[in-house]
Number of protein chains: 2
Amino acid sequence: MSGPKFNPDNKPGYTYELLADHFAGLIESGEWEANSRLPGERALAEEYGVALGTVRHATDILRERGLVITLKSKGTFVTKRN
Amino acid sequence: MSGPKFNPDNKPGYTYELLADHFAGLIESGEWEANSRLPGERALAEEYGVALGTVRHATDILRERGLVITLKSKGTFVTKRN
DNA sequence: TTTCATTTGTTCGTATGTATT
DNA sequence: CAATACATACGAACAAATGAA
């Protein structure tokens with residue numbers, strides 16, 4: 001069995017960590033711009049073929065790293081850095 | 001229906017917070033002694049009539065408060081205090 | 001060494017509540 | 001009112017680590 005769509009080869013590491021690193025890369029590369037809102041959790045879950053809770057765990061990590069902030073009922077935003 | 005068995009009256013506050021406070025009370029009162037292992041997460045979920053995720057959320061809070069430590073495949077233990 | 005039970009860790013699915021737009 | 005989005009909560013299943021038999 002191949003696992004989640006985001007990690008069909010079951011590479012080492014937990015899906016939420018790999019996903020957090022992937023998201024961090026999108027921020028680092030500028031594909032996710034500073035101050036922009038991320039796609040919704042359900043949209044991300046759909047896009048990456050993982051569960052809502054997994055996306056949430058990944059964005060929790062981004063928040064801990066200070067890469068994003070989450071505003072209730074608004075969304076998760078890339079933290080502006082200077 | 002009235003809600004989870006642990007909070008059938010749906011008192012204000014989330015189940016996981018009420019549960020965390022309840023657990024903290026057990027530690028404070030000494031009913032859960034220092035250095036002792038808590039019942040397993042799944043046993044607690046069964047006992048209080050709540051979901052596993054809710055117990056886990058509650059024990060996460062206890063951990064953040066420094067009241068317990070969790071060792072994988074061993075259990076969650078009341079932090080010894082002096 | 002292998003097997004087994006226990007416990008935590010992770011992931012999925014689904015539903016409901018609440019707030020914002 | 002409807003759509004969007006986060007928060008909470010339920011259930012279920014499998015993985016990983018530990019320790020004992």
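Atoms considered below: every heavy atom in the structure, side chains included; atoms not considered: hydrogens, waters and symmetry mates. Per chain, numbering begins at 1; letters A, B, ... match sequence-line order. As the structure is a prediction and not an experimental result, all values here were calculated from the model.
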May I have the distance from [X] (atom [atom1]) to [N] (atom [atom2]), rounded to whole angstrom?
X: Ile69(B); N: dT7(C); atom1: CD1; atom2: P; value: 17 Å
X: His57(B); N: dA9(D); atom1: NE2; atom2: C1'; value: 11 Å
X: Arg63(B); N: dT7(C); atom1: CZ; atom2: C1'; value: 13 Å
X: Arg37(A); N: dC6(D); atom1: CZ; atom2: C1'; value: 11 Å
X: Glu17(B); N: dA9(D); atom1: CD; atom2: C1'; value: 13 Å
X: Asp60(B); N: dT8(D); atom1: CG; atom2: P; value: 12 Å
X: Leu52(A); N: dC10(D); atom1: CG; atom2: P; value: 16 Å
X: Tyr48(B); N: dC10(D); atom1: OH; atom2: P; value: 14 Å

Check: Taking OP1 and OP2 of dC6(D), is either one under 4.0 Å from a side-chain nitrogen or oxygen of Arg56(A)?
Finding: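 Answer is no, no contact under 4.0 Å.
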Next item on the list: State whether Thr15(B) places a side-chain N or O below 4.0 Å from either non-bridging phosphate oxygen (OP1 or OP2) of dT8(D).
Entry: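 Checking dT8(D) against Thr15(B), no side-chain N or O comes under 4.0 Å of OP1 or OP2.
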Among [options], find the nucleotide with the atom closest to the side chain of [X].
X: Thr70(A); options: dC6(D), dC10(D), dG9(C); answer: dC6(D)
X: Tyr16(B); options: dC12(C), dA9(D), dA7(D); answer: dA9(D)
X: Ser73(B); options: dT10(C), dA9(D), dT18(D); answer: dT18(D)
X: Lys72(B); options: dG11(D), dA16(D), dC12(C); answer: dA16(D)
X: Lys74(B); options: dT18(D), dT8(D), dC12(C); answer: dT18(D)
X: Glu41(A); options: dA5(D), dC10(D), dC6(D); answer: dC6(D)

Notebook entry, point to check: Would you call the rings of His22(A) and Tyr48(A) parallel, tilted or perpendicular if under 30° counts as parallel and over 60° as perpendicular?
Noted result: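 Perpendicular.
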Item checked: Steps toward side chain to side chain contact (heavy atoms under 4.5 Å, CB included) verdict (Thr70(B), Arg63(B)) -> CA-CA 8 Å; Thr70(B) 297; Arg63(B) 206 172 307 114; 3.1 Å; yes
Notebook entry, point to check: Is the shortest side-chain N to carboxylate O distance from Asp60(B) to Arg65(B) below 4.0 Å?
Noted result: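 Looking at Asp60(B) and Arg65(B), the cut-off is not met.
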Checklist line | Side chain to side chain, Val78(B) and Glu33(B), heavy atoms closer than 4.5 Å | finding: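 They are not in side-chain contact.
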Margin query: Could you check whether any side-chain heavy atom of Phe23(B) comes within less than 4.5 Å of a side-chain heavy atom of Leu44(B), counting everything from C-beta outward?
Written below: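 Yes, at least one pair of side-chain atoms sits under 4.5 Å.
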Notebook entry, point to check: Across the strands shown, which category fits Gly53(B) at heavy-atom distances under 4.0 angstrom: base, sugar-phosphate, nothing?
Noted result: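 Touches nothing.
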